[in-house]
Amino acid sequence: MKNFVYNIPTKIFFGKGQIEKIGEEILKYGKKVLLVYGKGSVKANGIYDKVVEILNKNGIEFFEVAGVDPNPRTETVYYGADICKKNNIDLILAMGGGSTIDCAKAIGLQSKYEGDFWTDFYIGGKKELIKEVTPVASILTLAATGSEMNGSTVISNTAVNMKVGFNHPKLKPIFSVEDPEYTYSVSRYQTCAGAVDIMSHLFEQYFSAEKDGFMQNRLIEGLLKTIIHYAPIALENPRDYEARANIMWTSSMALNELVTYGKESTDWATHQIEHQLSAVYDITHGIGLGILTPAWMKYVLSDENIHRFVDYGKNIWNLSGTDREIAEKSIEKTREFFTSLGCPASLSEINIDDSHFEEMAANAVFRGNLGSMKKLTKEDVVEIYKLAL
Ligand code: NZQ
Ligand code: ZN
(Lines give C-alpha, C1' and ligand atoms only; values in the text may rest on other atoms or scores of the structure.)
(Ligands and ions follow the chains in the order given, each with its own letter.)
Protein backbone atom coordinates (compact mmCIF):
# COMPACT_ATOMS: atom_id res chain seq x y z
CA MET A 1 0.00 0.00 0.00
CA LYS A 2 1.26 3.47 -0.87
CA ASN A 3 1.89 6.12 1.77
CA PHE A 4 -0.95 8.57 2.25
CA VAL A 5 -2.20 11.39 4.44
CA TYR A 6 -5.79 10.95 5.53
CA ASN A 7 -7.39 14.38 5.42
CA ILE A 8 -11.13 14.69 4.95
CA PRO A 9 -11.85 17.91 6.82
CA THR A 10 -15.45 18.64 5.74
CA LYS A 11 -17.80 18.65 8.70
CA ILE A 12 -21.02 16.86 7.76
CA PHE A 13 -24.38 17.60 9.33
CA PHE A 14 -26.35 14.55 8.24
CA GLY A 15 -30.06 13.95 8.68
CA LYS A 16 -33.44 15.58 9.14
CA GLY A 17 -33.46 19.17 10.31
CA GLN A 18 -29.66 19.57 10.39
CA ILE A 19 -29.95 22.86 8.52
CA GLU A 20 -30.60 24.51 11.88
CA LYS A 21 -26.85 24.21 12.59
CA ILE A 22 -25.68 26.50 9.80
CA GLY A 23 -26.10 29.84 11.61
CA GLU A 24 -23.62 28.95 14.31
CA GLU A 25 -21.18 27.43 11.78
CA ILE A 26 -21.25 30.43 9.44
CA LEU A 27 -20.59 32.86 12.28
CA LYS A 28 -17.24 31.15 12.86
CA TYR A 29 -16.14 32.62 9.51
CA GLY A 30 -17.87 35.99 9.47
CA LYS A 31 -21.12 37.81 8.83
CA LYS A 32 -21.14 38.22 5.05
CA VAL A 33 -22.28 35.32 2.90
CA LEU A 34 -22.68 34.75 -0.82
CA LEU A 35 -25.57 32.39 -1.57
CA VAL A 36 -25.12 30.38 -4.77
CA TYR A 37 -27.99 28.35 -6.20
CA GLY A 38 -29.44 26.97 -9.42
CA LYS A 39 -32.50 27.54 -11.53
CA GLY A 40 -35.13 27.42 -8.81
CA SER A 41 -35.42 24.00 -7.14
CA VAL A 42 -34.33 25.47 -3.78
CA LYS A 43 -37.08 28.06 -3.99
CA ALA A 44 -39.70 25.45 -4.92
CA ASN A 45 -38.84 23.09 -2.06
CA GLY A 46 -38.47 25.73 0.67
CA ILE A 47 -34.72 25.39 1.33
CA TYR A 48 -34.01 28.95 0.19
CA ASP A 49 -36.62 30.44 2.54
CA LYS A 50 -35.33 28.39 5.45
CA VAL A 51 -31.74 29.52 4.84
CA VAL A 52 -32.77 33.18 4.59
CA GLU A 53 -34.71 32.85 7.85
CA ILE A 54 -31.63 31.41 9.61
CA LEU A 55 -29.31 34.08 8.17
CA ASN A 56 -31.65 36.86 9.25
CA LYS A 57 -32.03 35.39 12.73
CA ASN A 58 -28.24 35.38 13.12
CA GLY A 59 -27.66 38.86 11.72
CA ILE A 60 -25.78 37.51 8.69
CA GLU A 61 -25.81 39.73 5.60
CA PHE A 62 -26.14 37.90 2.28
CA PHE A 63 -25.64 38.44 -1.45
CA GLU A 64 -26.74 36.09 -4.24
CA VAL A 65 -25.71 34.33 -7.40
CA ALA A 66 -28.91 32.74 -8.74
CA GLY A 67 -29.45 30.62 -11.85
CA VAL A 68 -26.29 28.49 -11.93
CA ASP A 69 -26.57 26.20 -14.96
CA PRO A 70 -26.24 22.45 -14.79
CA ASN A 71 -22.72 22.19 -16.30
CA PRO A 72 -21.79 25.55 -14.71
CA ARG A 73 -20.19 28.26 -16.84
CA THR A 74 -17.11 30.44 -16.54
CA GLU A 75 -19.28 33.59 -16.85
CA THR A 76 -21.12 32.76 -13.62
CA VAL A 77 -17.80 32.28 -11.86
CA TYR A 78 -16.53 35.76 -12.85
CA TYR A 79 -19.86 37.29 -11.85
CA GLY A 80 -19.80 35.66 -8.40
CA ALA A 81 -16.13 36.46 -7.81
CA ASP A 82 -16.84 40.11 -8.52
CA ILE A 83 -19.55 40.19 -5.87
CA CYS A 84 -17.15 38.58 -3.38
CA LYS A 85 -14.39 41.10 -4.10
CA LYS A 86 -16.66 44.15 -3.90
CA ASN A 87 -18.38 43.05 -0.70
CA ASN A 88 -15.63 41.26 1.24
CA ILE A 89 -17.58 38.02 1.41
CA ASP A 90 -16.50 35.73 4.27
CA LEU A 91 -18.11 32.51 3.12
CA ILE A 92 -19.85 31.11 0.03
CA LEU A 93 -22.87 28.93 0.72
CA ALA A 94 -23.90 26.70 -2.18
CA MET A 95 -27.41 25.26 -2.13
CA GLY A 96 -27.99 22.56 -4.73
CA GLY A 97 -26.30 19.74 -6.58
CA GLY A 98 -22.78 19.36 -7.93
CA SER A 99 -23.10 22.17 -10.45
CA THR A 100 -23.91 24.72 -7.80
CA ILE A 101 -21.22 23.51 -5.41
CA ASP A 102 -18.61 23.34 -8.18
CA CYS A 103 -19.48 26.86 -9.28
CA ALA A 104 -19.21 28.10 -5.68
CA LYS A 105 -15.74 26.54 -5.40
CA ALA A 106 -14.57 28.25 -8.59
CA ILE A 107 -15.97 31.55 -7.33
CA GLY A 108 -14.06 30.99 -4.10
CA LEU A 109 -10.86 30.53 -6.12
CA GLN A 110 -11.30 33.48 -8.46
CA SER A 111 -12.42 35.79 -5.62
CA LYS A 112 -8.93 35.69 -4.08
CA TYR A 113 -6.91 35.59 -7.28
CA GLU A 114 -5.77 38.43 -9.50
CA GLY A 115 -5.10 36.26 -12.58
CA ASP A 116 -7.59 34.15 -14.50
CA PHE A 117 -8.83 30.98 -12.78
CA TRP A 118 -9.68 29.20 -16.06
CA THR A 119 -6.34 29.80 -17.79
CA ASP A 120 -4.09 29.31 -14.79
CA PHE A 121 -5.84 26.53 -12.88
CA TYR A 122 -8.31 24.57 -15.03
CA ILE A 123 -6.12 24.66 -18.13
CA GLY A 124 -2.71 25.50 -16.63
CA GLY A 125 -2.95 23.36 -13.48
CA LYS A 126 -0.72 25.81 -11.60
CA LYS A 127 -1.82 24.78 -8.11
CA GLU A 128 1.19 26.44 -6.51
CA LEU A 129 -0.29 29.88 -7.31
CA ILE A 130 -3.21 29.34 -4.95
CA LYS A 131 -2.56 31.13 -1.68
CA GLU A 132 -6.05 31.71 -0.36
CA VAL A 133 -9.67 31.00 -1.32
CA THR A 134 -12.97 32.21 0.06
CA PRO A 135 -14.24 29.22 2.04
CA VAL A 136 -17.18 27.27 0.64
CA ALA A 137 -19.91 25.39 2.48
CA SER A 138 -22.83 23.49 0.98
CA ILE A 139 -26.40 22.39 1.47
CA LEU A 140 -26.66 19.33 -0.73
CA THR A 141 -29.93 18.72 -2.60
CA LEU A 142 -28.92 16.03 -5.10
CA ALA A 143 -26.87 12.93 -4.35
CA ALA A 144 -24.39 12.37 -7.17
CA THR A 145 -21.06 14.09 -7.47
CA GLY A 146 -19.48 14.02 -4.01
CA SER A 147 -18.64 17.70 -4.46
CA GLU A 148 -20.08 18.27 -0.98
CA MET A 149 -17.06 16.55 0.53
CA ASN A 150 -14.20 16.88 -1.96
CA GLY A 151 -11.88 19.50 -3.45
CA SER A 152 -13.00 19.03 -7.08
CA THR A 153 -14.81 21.45 -9.32
CA VAL A 154 -15.80 21.05 -12.97
CA ILE A 155 -16.52 24.12 -15.10
CA SER A 156 -17.61 24.55 -18.72
CA ASN A 157 -16.17 27.20 -21.01
CA THR A 158 -18.60 27.53 -23.90
CA ALA A 159 -16.23 29.86 -25.81
CA VAL A 160 -13.90 26.90 -26.41
CA ASN A 161 -16.42 24.02 -26.04
CA MET A 162 -14.47 22.56 -23.13
CA LYS A 163 -15.46 21.21 -19.75
CA VAL A 164 -12.53 20.81 -17.37
CA GLY A 165 -12.07 19.68 -13.79
CA PHE A 166 -9.70 21.03 -11.17
CA ASN A 167 -8.90 19.79 -7.69
CA HIS A 168 -7.31 21.50 -4.70
CA PRO A 169 -7.48 20.68 -0.98
CA LYS A 170 -8.42 24.27 -0.12
CA LEU A 171 -11.63 23.77 -2.10
CA LYS A 172 -13.01 21.09 0.20
CA PRO A 173 -16.20 22.53 1.73
CA ILE A 174 -15.77 23.51 5.36
CA PHE A 175 -19.15 22.01 6.15
CA SER A 176 -22.01 20.40 4.27
CA VAL A 177 -25.59 19.74 5.27
CA GLU A 178 -26.95 16.44 4.00
CA ASP A 179 -30.65 16.13 4.72
CA PRO A 180 -32.01 13.17 2.71
CA GLU A 181 -35.48 14.74 2.71
CA TYR A 182 -34.10 17.50 0.48
CA THR A 183 -33.66 14.92 -2.25
CA TYR A 184 -37.32 13.78 -2.25
CA SER A 185 -38.06 16.28 -5.03
CA VAL A 186 -35.24 15.10 -7.33
CA SER A 187 -36.77 13.87 -10.62
CA ARG A 188 -36.56 10.26 -11.84
CA TYR A 189 -34.13 11.36 -14.53
CA GLN A 190 -31.76 13.09 -12.09
CA THR A 191 -32.10 10.26 -9.55
CA CYS A 192 -31.00 7.83 -12.25
CA ALA A 193 -28.17 10.13 -13.38
CA GLY A 194 -27.02 10.59 -9.78
CA ALA A 195 -26.96 6.85 -9.10
CA VAL A 196 -24.96 6.21 -12.28
CA ASP A 197 -22.53 9.02 -11.43
CA ILE A 198 -21.92 7.57 -7.96
CA MET A 199 -21.33 4.12 -9.44
CA SER A 200 -19.02 5.60 -12.05
CA HIS A 201 -16.92 7.31 -9.36
CA LEU A 202 -16.61 3.93 -7.69
CA PHE A 203 -15.68 2.21 -10.97
CA GLU A 204 -13.04 4.84 -11.73
CA GLN A 205 -11.33 3.96 -8.46
CA TYR A 206 -12.02 0.20 -8.50
CA PHE A 207 -10.75 -0.55 -11.99
CA SER A 208 -6.98 -0.25 -12.23
CA ALA A 209 -4.53 -2.66 -13.78
CA GLU A 210 -2.46 -3.25 -10.60
CA LYS A 211 -3.38 -6.04 -8.22
CA ASP A 212 -3.17 -3.96 -5.03
CA GLY A 213 -5.99 -2.28 -3.13
CA PHE A 214 -7.67 -5.32 -1.61
CA MET A 215 -9.19 -3.42 1.29
CA GLN A 216 -10.11 -0.37 -0.79
CA ASN A 217 -11.90 -2.48 -3.39
CA ARG A 218 -13.93 -4.29 -0.73
CA LEU A 219 -15.07 -0.88 0.55
CA ILE A 220 -15.99 0.10 -2.99
CA GLU A 221 -17.98 -3.09 -3.47
CA GLY A 222 -20.02 -2.26 -0.35
CA LEU A 223 -20.79 1.19 -1.73
CA LEU A 224 -21.68 -0.21 -5.17
CA LYS A 225 -24.06 -2.71 -3.57
CA THR A 226 -25.71 0.09 -1.65
CA ILE A 227 -26.55 1.97 -4.84
CA ILE A 228 -27.63 -1.21 -6.65
CA HIS A 229 -29.95 -1.98 -3.74
CA TYR A 230 -31.37 1.49 -3.05
CA ALA A 231 -31.51 3.29 -6.41
CA PRO A 232 -34.46 1.20 -7.66
CA ILE A 233 -36.22 1.77 -4.31
CA ALA A 234 -35.76 5.56 -4.55
CA LEU A 235 -37.11 5.50 -8.11
CA GLU A 236 -40.12 3.49 -7.01
CA ASN A 237 -40.78 5.67 -3.97
CA PRO A 238 -38.97 9.03 -4.10
CA ARG A 239 -39.88 9.72 -0.45
CA ASP A 240 -38.29 6.57 0.96
CA TYR A 241 -36.04 8.06 3.64
CA GLU A 242 -33.73 5.06 4.04
CA ALA A 243 -33.15 4.85 0.29
CA ARG A 244 -32.47 8.56 -0.10
CA ALA A 245 -30.23 8.57 3.02
CA ASN A 246 -28.16 5.61 1.88
CA ILE A 247 -27.72 7.08 -1.59
CA MET A 248 -26.78 10.49 -0.21
CA TRP A 249 -24.12 9.24 2.18
CA THR A 250 -22.77 6.88 -0.48
CA SER A 251 -22.36 9.81 -2.87
CA SER A 252 -20.10 11.51 -0.34
CA MET A 253 -18.13 8.38 0.56
CA ALA A 254 -17.65 7.47 -3.10
CA LEU A 255 -15.64 10.57 -3.92
CA ASN A 256 -13.99 12.00 -0.84
CA GLU A 257 -10.70 10.08 -1.32
CA LEU A 258 -11.56 7.51 1.37
CA VAL A 259 -11.68 4.57 -1.02
CA THR A 260 -8.42 5.33 -2.80
CA TYR A 261 -6.06 6.23 -0.02
CA GLY A 262 -3.10 3.89 -0.53
CA LYS A 263 -4.05 2.52 -3.96
CA GLU A 264 -1.40 2.45 -6.68
CA SER A 265 -3.61 4.01 -9.31
CA THR A 266 -7.10 4.93 -10.39
CA ASP A 267 -8.53 5.30 -13.88
CA TRP A 268 -10.80 8.32 -14.52
CA ALA A 269 -10.76 7.96 -18.32
CA THR A 270 -14.54 7.62 -18.60
CA HIS A 271 -15.02 10.90 -16.76
CA GLN A 272 -12.67 12.78 -19.09
CA ILE A 273 -14.40 11.23 -22.09
CA GLU A 274 -17.84 12.15 -20.73
CA HIS A 275 -16.95 15.73 -19.78
CA GLN A 276 -16.34 16.54 -23.43
CA LEU A 277 -19.75 15.12 -24.34
CA SER A 278 -21.42 17.44 -21.82
CA ALA A 279 -19.22 20.31 -23.03
CA VAL A 280 -20.44 20.02 -26.62
CA TYR A 281 -24.00 18.74 -26.11
CA ASP A 282 -24.77 20.10 -22.61
CA ILE A 283 -26.11 16.70 -21.53
CA THR A 284 -26.51 15.49 -17.95
CA HIS A 285 -23.18 14.14 -16.69
CA GLY A 286 -24.58 10.90 -15.20
CA ILE A 287 -26.51 10.08 -18.36
CA GLY A 288 -23.36 10.48 -20.45
CA LEU A 289 -21.52 8.18 -18.05
CA GLY A 290 -24.30 5.59 -18.23
CA ILE A 291 -23.93 5.44 -22.00
CA LEU A 292 -20.14 5.44 -22.07
CA THR A 293 -19.22 3.17 -19.15
CA PRO A 294 -20.12 -0.21 -20.70
CA ALA A 295 -18.42 0.89 -23.95
CA TRP A 296 -15.29 1.84 -22.01
CA MET A 297 -15.38 -1.51 -20.16
CA LYS A 298 -15.61 -3.47 -23.41
CA TYR A 299 -12.80 -1.46 -24.96
CA VAL A 300 -10.27 -1.73 -22.12
CA LEU A 301 -10.88 -5.35 -21.03
CA SER A 302 -7.68 -7.36 -21.59
CA ASP A 303 -5.79 -10.36 -20.20
CA GLU A 304 -3.68 -7.99 -18.07
CA ASN A 305 -6.63 -6.41 -16.27
CA ILE A 306 -9.28 -9.13 -16.42
CA HIS A 307 -8.79 -9.86 -12.70
CA ARG A 308 -10.63 -6.62 -11.87
CA PHE A 309 -13.64 -7.61 -13.96
CA VAL A 310 -13.62 -11.08 -12.40
CA ASP A 311 -13.71 -9.57 -8.89
CA TYR A 312 -16.46 -7.20 -9.98
CA GLY A 313 -18.54 -9.91 -11.65
CA LYS A 314 -18.23 -12.36 -8.77
CA ASN A 315 -18.58 -9.98 -5.86
CA ILE A 316 -21.22 -7.63 -7.24
CA TRP A 317 -23.24 -9.76 -9.64
CA ASN A 318 -22.59 -13.26 -8.21
CA LEU A 319 -21.41 -14.52 -11.58
CA SER A 320 -19.60 -17.79 -12.23
CA GLY A 321 -17.86 -19.37 -15.23
CA THR A 322 -14.51 -18.81 -16.91
CA ASP A 323 -12.75 -15.52 -16.29
CA ARG A 324 -13.69 -14.33 -19.77
CA GLU A 325 -17.34 -15.28 -19.31
CA ILE A 326 -17.54 -13.52 -15.95
CA ALA A 327 -15.88 -10.38 -17.31
CA GLU A 328 -18.12 -10.13 -20.36
CA LYS A 329 -21.26 -10.92 -18.41
CA SER A 330 -20.37 -8.31 -15.79
CA ILE A 331 -20.32 -5.66 -18.52
CA GLU A 332 -23.74 -6.80 -19.74
CA LYS A 333 -25.05 -6.67 -16.16
CA THR A 334 -23.81 -3.11 -15.83
CA ARG A 335 -25.64 -2.09 -19.00
CA GLU A 336 -28.82 -3.89 -17.92
CA PHE A 337 -28.76 -2.20 -14.52
CA PHE A 338 -28.32 1.29 -15.97
CA THR A 339 -31.13 0.59 -18.44
CA SER A 340 -33.37 -0.60 -15.61
CA LEU A 341 -32.85 2.78 -13.91
CA GLY A 342 -33.98 4.56 -17.07
CA CYS A 343 -30.62 5.47 -18.57
CA PRO A 344 -30.37 5.56 -22.38
CA ALA A 345 -28.06 2.89 -23.80
CA SER A 346 -26.49 4.71 -26.74
CA LEU A 347 -25.48 8.13 -27.99
CA SER A 348 -27.89 7.85 -30.90
CA GLU A 349 -30.77 7.47 -28.41
CA ILE A 350 -30.01 11.02 -27.27
CA ASN A 351 -29.50 12.26 -30.84
CA ILE A 352 -25.72 12.47 -30.76
CA ASP A 353 -23.90 11.46 -33.93
CA ASP A 354 -20.20 11.20 -34.77
CA SER A 355 -19.74 14.77 -36.02
CA HIS A 356 -17.75 16.00 -32.98
CA PHE A 357 -15.88 12.82 -32.04
CA GLU A 358 -12.47 14.08 -33.19
CA GLU A 359 -12.79 17.43 -31.41
CA MET A 360 -14.12 15.85 -28.19
CA ALA A 361 -11.42 13.19 -28.17
CA ALA A 362 -8.70 15.82 -28.65
CA ASN A 363 -10.07 17.84 -25.72
CA ALA A 364 -10.40 14.72 -23.55
CA VAL A 365 -6.66 14.05 -23.84
CA PHE A 366 -5.45 17.66 -23.65
CA ARG A 367 -3.43 16.84 -20.52
CA GLY A 368 -2.09 13.56 -21.99
CA ASN A 369 -3.24 10.00 -22.48
CA LEU A 370 -6.00 8.77 -20.19
CA GLY A 371 -6.58 5.97 -17.75
CA SER A 372 -4.72 3.13 -16.09
CA MET A 373 -6.65 0.00 -17.11
CA LYS A 374 -5.42 0.77 -20.62
CA LYS A 375 -3.61 3.95 -21.66
CA LEU A 376 -5.97 5.68 -24.03
CA THR A 377 -4.83 7.93 -26.85
CA LYS A 378 -7.03 10.31 -28.79
CA GLU A 379 -7.65 7.53 -31.34
CA ASP A 380 -8.76 5.15 -28.57
CA VAL A 381 -11.19 7.75 -27.28
CA VAL A 382 -12.72 8.10 -30.75
CA GLU A 383 -13.17 4.30 -30.81
CA ILE A 384 -14.96 4.40 -27.45
CA TYR A 385 -17.33 7.11 -28.69
CA LYS A 386 -17.99 4.92 -31.75
CA LEU A 387 -18.69 1.88 -29.56
CA ALA A 388 -21.22 3.98 -27.64
CA LEU A 389 -23.04 5.14 -30.79
O1 NZQ B 1 -30.87 24.29 -10.97
P2 NZQ B 1 -31.84 23.71 -10.02
O3 NZQ B 1 -33.17 24.35 -10.08
O4 NZQ B 1 -31.31 23.59 -8.62
O5 NZQ B 1 -32.17 22.21 -10.55
C6 NZQ B 1 -31.20 21.17 -10.55
C7 NZQ B 1 -30.71 20.84 -11.96
O8 NZQ B 1 -31.68 21.11 -12.93
C9 NZQ B 1 -31.91 19.88 -10.17
N10 NZQ B 1 -32.00 19.67 -8.72
C11 NZQ B 1 -30.99 19.69 -7.81
N12 NZQ B 1 -31.48 19.39 -6.59
C13 NZQ B 1 -32.81 19.21 -6.73
C14 NZQ B 1 -33.14 19.38 -8.09
N15 NZQ B 1 -34.41 19.29 -8.55
C16 NZQ B 1 -35.38 19.00 -7.66
N17 NZQ B 1 -35.12 18.80 -6.34
C18 NZQ B 1 -33.87 18.89 -5.85
N19 NZQ B 1 -33.65 18.65 -4.54
O20 NZQ B 1 -31.13 18.86 -10.75
C21 NZQ B 1 -30.54 19.34 -11.95
C22 NZQ B 1 -29.09 18.91 -12.01
O23 NZQ B 1 -28.33 19.53 -11.00
P24 NZQ B 1 -26.73 19.45 -11.04
O25 NZQ B 1 -26.21 20.20 -9.87
O26 NZQ B 1 -26.27 19.82 -12.38
O27 NZQ B 1 -26.49 17.87 -10.87
P28 NZQ B 1 -25.29 17.07 -10.29
O29 NZQ B 1 -25.27 17.09 -8.82
O30 NZQ B 1 -25.35 15.76 -10.94
O31 NZQ B 1 -23.98 17.87 -10.77
C32 NZQ B 1 -23.46 17.69 -12.06
C33 NZQ B 1 -22.23 18.54 -12.27
O34 NZQ B 1 -21.16 18.16 -11.38
C35 NZQ B 1 -19.99 17.80 -12.15
C36 NZQ B 1 -20.60 17.31 -13.43
O37 NZQ B 1 -19.65 17.27 -14.47
C38 NZQ B 1 -21.68 18.34 -13.67
O39 NZQ B 1 -21.16 19.53 -14.17
N40 NZQ B 1 -19.18 16.84 -11.39
C41 NZQ B 1 -18.57 17.27 -10.28
C42 NZQ B 1 -17.72 16.48 -9.53
C43 NZQ B 1 -17.04 16.95 -8.32
N44 NZQ B 1 -17.11 18.22 -8.01
O45 NZQ B 1 -16.42 16.18 -7.62
C46 NZQ B 1 -17.45 15.10 -9.92
C47 NZQ B 1 -18.41 14.56 -10.91
O48 NZQ B 1 -17.80 13.49 -11.56
C49 NZQ B 1 -18.91 15.53 -11.91
O50 NZQ B 1 -18.02 15.66 -13.00
ZN1 ZN C 1 -18.99 12.05 -12.02
Side-chain angles (χ1 to χ4, degrees), residues 10 35-48 65-74 76-77 94-106 122 136 138-157 162-168 171-173 176-205 234 238-239 244 247-248 251-252 254-257 266-279 281-290 292-293:
T10 304
L35 298 180
V36 178
Y37 55 95
K39 302 273 186 205
S41 69
V42 290
K43 291 210 166 158
N45 58 24
I47 297 171
Y48 175 88
V65 172
V68 174
D69 299 282
N71 301 326
R73 312 282 160 83
T74 45
T76 322
V77 176
M95 307 184 278
S99 295
T100 302
I101 305 172
D102 285 5
C103 186
K105 290 174 179 174
Y122 288 65
V136 170
S138 83
I139 297 172
L140 184 66
T141 67
L142 197 169
T145 65
S147 190
E148 66 277 8
M149 213 174 172
N150 68 37
S152 293
T153 143
V154 187
I155 299 291
S156 294
N157 185 337
M162 280 179 93
K163 180 171 177 182
V164 179
F166 180 69
N167 184 297
H168 195 282
L171 297 176
K172 292 176 183 175
S176 288
V177 173
E178 299 192 20
D179 184 335
E181 291 189 337
Y182 291 170
T183 63
Y184 285 174
S185 56
V186 175
S187 65
R188 285 187 71 81
Y189 182 78
Q190 290 293 343
T191 300
C192 159
V196 173
D197 191 22
I198 296 168
M199 288 181 70
S200 173
H201 297 156
L202 294 165
F203 291 148
E204 299 279 22
Q205 300 168 93
R239 301 176 74 83
R244 292 295 195 181
I247 294 171
M248 195 171 220
S251 90
S252 303
L255 197 48
N256 67 359
E257 299 173 28
T266 52
D267 196 89
W268 292 107
T270 316
H271 264 67
Q272 302 301 333
I273 299 171
E274 192 297 312
H275 282 164
Q276 304 321 318
L277 262 186
S278 352
Y281 295 99
D282 202 17
I283 61 166
T284 299
H285 173 60
I287 299 300
L289 291 170
L292 290 170
T293 298

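Whatever order the structure lists them in is the order used to number ligands and atoms, beginning at 1. Every heavy atom of this structure was used, including side-chain atoms; hydrogens, water molecules and symmetry mates were not.
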Gap between atom CZ of Phe166 and atom CG of Leu171 - 0.5 Å precision: 6.5 Å
Atom 44 (N) of ligand 1: the protein heavy-atom neighbour that sits closest, reported with distance to 0.1 Å: Asp102 OD1, 2.7 Å
Proximal ligand 1 atoms for Ser185, defined as those under 4.0 Å from one of its heavy atoms: 16 (C), 17 (N), 18 (C), 19 (N)
4.0 Å heavy-atom contact, Pro72 with ligand 1: yes
Proximal atoms of ligand 1 relative to Ser152 (non-hydrogen, under 4.0 Å): 43 (C), 44 (N), 45 (O)
Closest protein heavy atom to atom 24 (P) of ligand 1, given as residue, atom name and distance to 0.1 Å: Ser99 OG, 3.4 Å
Distance (rounded to the nearest 0.5 Å) between Gln276 CD and Tyr281 OH: 12.5 Å
4.0 Å heavy-atom contact, Val42 with ligand 1: no
Within-cut-off N or O pair, Thr141 and ligand 1, under 3.5 Å: yes
Distance in Å, Ser200 OG paired with Asp267 CG, rounded so as to fall on 0.5 Å steps: 9.5 Å
Between Asp102 and Ser147: side-chain donor-acceptor atoms closer than 3.5 Å: yes
Asn45 and ligand 1 - part of the residue with a heavy-atom distance under 4.0 Å: side chain
Numbered atoms of ligand 1 (with element) below 4.0 Å of Gly97, judged on heavy atoms: 25 (O), 29 (O)
Asp197, portion touching ligand 1 at heavy-atom distance under 4.0 Å: side chain
Distance filter under 4.0 Å to His275 heavy atoms, resulting ligand 1 atoms: 37 (O), 50 (O)
Atoms of ligand 1 close to His201 [distance to a heavy atom under 4.0 angstrom, numbered from 1]: 46 (C), 47 (C), 48 (O)
Validation row: His275, Met162 side chains within 4.5 angstrom (heavy atoms): no
Backbone N/O of Leu255 and side chain of Asn150: donor-acceptor pair under 3.5 Å: yes
Whether His201 and His271 hold their rings parallel, tilted or perpendicular, with breakpoints at 30° and 60°: tilted
Asn71: numbered ligand 1 atoms lying under 4.0 Å from its heavy atoms: 38 (C), 39 (O)
pair Leu277-Leu292: side-chain heavy atoms closer than 4.5 Å: yes
Region of Lys39 engaging ligand 1 - heavy atom pairs below 4.0 Å: both
Atom pair CD (Glu274) and CG (Asp197), whose distance is rounded to the nearest 0.5 Å: 8.5 Å
Heavy-atom side-chain contact between Ile287 and Tyr189 under 4.5 Å: yes
Angle in degrees, rounded to 10°, that NE2 of His271 and NE2 of His201 form at the Zn ion (ligand 2): 90°
Proximal ligand 1 atoms for His271, defined as those under 4.0 Å from one of its heavy atoms: 48 (O)
Nearest protein heavy atom with distance in Å, relative to atom 7 (C) of ligand 1: Pro70 CG, 4.1 Å
Student check: side-chain heavy atoms of Pro173 and Lys105 closer than 4.5 Å: yes
Smallest separation among heavy atoms of Thr183 and Ala143, with atom names: CG2-N, 4.2 Å
Atom pair OG/CG of Ser99 and Leu142 - distance to nearest 0.5 Å: 9.0 Å
Atom name in His285, limited to N/O/S, at shortest distance from the Zn ion (ligand 2): NE2
Nearest-neighbour protein heavy atom for atom 3 (O) of ligand 1, which is reported as residue plus atom name and distance: Ser41 N, 2.8 Å
Any Lys163 heavy atom less than 4.0 Å to ligand 1: yes
Per-residue contact class, Tyr182 against ligand 1 - non-hydrogen pairs under 4.0 Å: backbone
Nearest-contact summary for atom 30 (O) of ligand 1 - protein heavy atom, Å: Ala144 CB, 3.7 Å
Side-chain donor or acceptor of Arg244 paired with backbone N/O of Arg239 under 3.5 Å: no
Heavy-atom check, side chain of Thr141 versus side chain of Val186, under 4.5 Å: no
Min side-chain heavy-atom separation Asp179-Met248 under 4.5 Å: no
Any Gly96 heavy atom less than 4.0 Å to ligand 1: no
Atom name, Asp197 (N, O or S, nearest to the Zn ion (ligand 2)): OD1
Protein residue, atom and distance nearest to atom 28 (P) of ligand 1, heavy-atom basis: Gly98 N, 3.6 Å
Numbered atoms and elements of ligand 1 in range of Gly40, under 4.0 angstrom, heavy atoms: 3 (O)
Short N or O distance, Thr100 and ligand 1, threshold 3.5 Å exclusive: no
Protein residue, atom and distance nearest to atom 34 (O) of ligand 1, heavy-atom basis: Thr145 CG2, 3.3 Å
For atom 23 (O) of ligand 1, the protein heavy atom that lies nearest, with its residue and separation: Leu142 CD1, 3.6 Å
Atom pair OG1/CD of Thr100 and Glu148 - distance to nearest 0.5 Å: 12.0 Å
